[in-house]
Amino acid sequence: MLALSEADVAAVLSMREAIDAVDAALLAQAEGTVDQPLRIMARSPAGILGAMPAAIGAPSKSLGAKLVTFFPGNAARGVHTHNAAIVLFD
């Protein structure tokens, strides 16, 4: 498994390439070749985890999920309240 930081991705993916990828994903969704179930949430007394899975059909046949946490108590500790990871599989 390869883990990339935000800086790693920014070093190899231009803004133009990112915009083109989002454009392609939105077109695939409009064409009905995206499977994107509703977001699911898990809650604890301290925070929330949201999982947003999706799959795009041909040509990429990719699977992925955005995982996001929200810990409101982190603000009082001076750390981020939201953290996220995007996981892609092929």
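Just the heavy atoms: all of them, side chains too, but no hydrogens, waters or symmetry mates, feed the values below.
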Can you tell me how far apart [atom1] ([X]) and [atom2] ([Y]) are? Round to the nearest 0.5 Å.
X   : Y   : atom1 : atom2 : answer
L27 : I56 : CG    : CD1   : 10.5 Å
I40 : M52 : CD1   : CE    : 10.0 Å
R43 : L49 : CZ    : CG    : 10.5 Å
Q29 : L26 : CD    : CG    : 6.5 Å
L13 : M15 : CG    : CE    : 8.5 Å

Considering non-hydrogen atoms only, spot the tightest contact between [X] and [Y] and give its length.
X   : Y   : result
A51 : L67 : CB-CD2, 3.8 Å
P72 : A46 : CD-O, 3.6 Å
Q36 : A54 : CG-CB, 4.3 Å
A84 : K66 : CB-CE, 4.4 Å
P53 : P37 : O-CD, 3.5 Å

Within the side chain of D8, is there an N or O that forms a donor-acceptor pair under 3.5 Å with the backbone of S5?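 Answer holds: yes.
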N83 side-chain N/O to T69 backbone N/O, donor-acceptor pair under 3.5 Å: no
Test of understanding: clusters of I, L, V, M, F, W, Y form through side-chain heavy atoms closer than 4.5 Å, transitively. Do V12 and L2 belong to the same one? no
Other residues, nucleotides and ligands only: do more than 12 of their heavy atoms fall within 6.0 Å of [atom1] on [X]?
X   : atom1 : result
H80 : NE2   : no
I19 : CD1   : yes
E17 : CD    : yes

